[in-house]
Protein chains: 2
Amino acid sequence: MAQERALPSVVERMWGREPVTRRGPRPRLNLAAITAAAIEIADAEGLAGVSMAAVAARVGVAATALYRYVESKEDLLTAMADAAAPLPPEPEGRTWREYLAVWTRTHRDILLDRPWLLSVAGSVPPMGPRRLLWLDRALASLDGTGLDDGEKINVASALTGYALTDAALVHAVAGGDPRMEEAGIKGAADYGEVLAGVLDPETYPALSAAMRSGAMRGAEGWMDDGDFVFGLDLLLDGIEALIRRRALEGHGGGE
Amino acid sequence: MAQERALPSVVERMWGREPVTRRGPRPRLNLAAITAAAIEIADAEGLAGVSMAAVAARVGVAATALYRYVESKEDLLTAMADAAAPLPPEPEGRTWREYLAVWTRTHRDILLDRPWLLSVAGSVPPMGPRRLLWLDRALASLDGTGLDDGEKINVASALTGYALTDAALVHAVAGGDPRMEEAGIKGAADYGEVLAGVLDPETYPALSAAMRSGAMRGAEGWMDDGDFVFGLDLLLDGIEALIRRRALEGHGGGE
DNA sequence: TTAAAACTATGAACGTCATACACAGTACGC
DNA sequence: GCGTACTGTGTATGACGTTCATAGTTTTAA
């Protein structure tokens, strides 16, 4: 039986494999141009501004013309999620730990720069050329550590996840939600203060104590850079421990 | 100056503080009933089925009546994200590590049970009674470890993030996207196989090698339970290292 | 007991959006 | 040069979130 497996058609286009056509007018557009326009809108107005009509207007065609290049708006978002990724950092002779730290931080910074990515990135497994390049570089940095391929992928997944959730949290606490600003909550300190007033110390003993002790207040407050490094080091320490364990187990191709 | 800080009105209602009214007809509904109906719909049909009209129909009022209890659909989603959380697991005399392992796994399983939560959970900082109860229990489990409150919160955040991204990944790879099934990609193994066919070994050396080596294939494939435990242990090992470090530094309240 | 006040739910209406479909125009193959 | 296959357009549709004026209901005050 012939293999039925293929890439979804958007993904095919993300890899530059636009269908070869012989007859008919030359296409005026291509997926990359459409995606770039959509990203510009998202950067300027957020995801809410990205309507098919708005994107089409920006590239100079009617709204329905986009459906020649994309099967649905979902497809467009998928393409955006990949195209928005810049090139991953260069290894430059760094150790795996140094490199993965930079890799994760850059990853997070990209998400903070483009908060709309947060709403899109988690939904689809990475299949585009840019995101997979990031994955490749993470795996490459772990060459010679003794981890097997599956473990390397898991490590990269965990770091990706950390970048994503840290960015989501920072964004949410620091002005991501207009309702918070309306309520006068402008940052982590306010957030903690309000919570401290609401929590019943009997049902929330540990949390209300933490809030009252001012864990969210001051210069060493919540969600500054130190907190990012903190969580990142948690993961990297765990990875380092694993690598050391593998090294002790012997370097053979064991089970 | 009087403190302007307050909770957004939905959040106020999530805490049971519905506004006290004296005159006029008794409200037929409350936020909890609306939220419960919305959750039932989301469980049955996914987030796409949750329209204001559908929710209103389920509780037996006109669509516009909901706006007496909620300022926007966003508000409703926020309330759903909190109400969907069950009670956190009980400590039952477990060590912090045992407890946080159960806590994180349960957290992830909830997200897999209700994939629609994935699209909602990351957007807003937890401010509702249920989600904060989870946070409280995580902090409580770290009592006596020598970590300060800020560190405890960071630990809980990192674990929350891990639960979230692991669930998102499992969901995405295993049937979360109808486009994948259309393309004949039914699981991680197919995913790996297709990628192996697309990747150019020169630009993606590490990744294409991993795919060709079959890292995603077979019983020890991608995204089974072992992979969840793998990443979780990474984090827990890191936390354990931190706790040990703190214990050595001395038990005083020093910086 | 009555009148005003305050609040609830309703129905109709609006603007926006994603998308389907039939059509007109265009370039290539024969 | 004719047919074919493909591209972009215009129109239309149905769903959705939300606004607003209104009718109806319960409580307060006289």
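Values below: every heavy atom of this structure, side chains too, minus hydrogens, waters and symmetry copies. Remember, predicted model here, so these are calculated numbers, not experimental data. Numbered from 1 within each chain, the chains take letters A, B, ... in sequence-line order.
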Could you give the CD1-to-C1' distance, from Ile41(B) to dA15(D), as a whole number of Å? 15 Å
In whole angstroms, how far is the P atom of dC6(D) from the OH atom of Tyr69(A)? 13 Å
Which is more 5' along DNA chain C, the nucleotide nearest Gly24(B) or the one nearest Arg28(B)? Just name the residue. Gly24(B)
Hydrogens and angles aside, do Ser72(B) and Arg179(A) bring a side-chain donor and acceptor to less than 3.5 Å of each other? no
Produce a footprint string for nucleotides 11-21 of chain C: one letter per nucleotide, 5' end first; B if the base is under 4.0 Å from any protein heavy atom, S if only the sugar-phosphate is, - if neither. BB----SSBB-
Interatomic distance, Met80(B) atom CE to Leu117(B) atom CG [nearest 0.5 angstrom]: 7.5 Å
Atom pair distance, as rounded to whole Å: CG in Leu66(A) and C1' in dT9(D): 12 Å
Taking CZ from Arg68(B) and C1' from dC20(D), how many angstroms apart are they, rounded to a whole number? 11 Å
With a 4.5 Å limit on heavy-atom distance, are the side chains of Arg137(A) and Pro205(B) in contact? yes
Considering all heavy atoms, the nearest Met180(B)-Pro8(A) contact: SD-CG, 4.3 Å
Starting at atom CG of Leu47(B), determine the distance to atom P of dC16(D), rounded to an integer number of angstrom. 13 Å
Once you measure the plane-to-plane angle for Trp134(A) and His107(A), does it fall in the parallel (<30°), tilted (30-60°) or perpendicular (>60°) bin? tilted
Starting from C1' on dT9(D), measure out to CG on Leu29(A) and report it in whole angstrom. 13 Å
Check whether any side-chain N or O of Arg26(B) sits under 4.0 Å from OP1 or OP2 of dT27(D), and answer yes or no. yes
Between dT4(D) and Arg23(A), counting only base atoms on the nucleotide and side-chain atoms on the residue, is there a donor-acceptor pair under 3.5 Å? yes
Less than 4.5 Å apart, any side-chain heavy atom of Leu232(A) and any of Arg108(A)? no
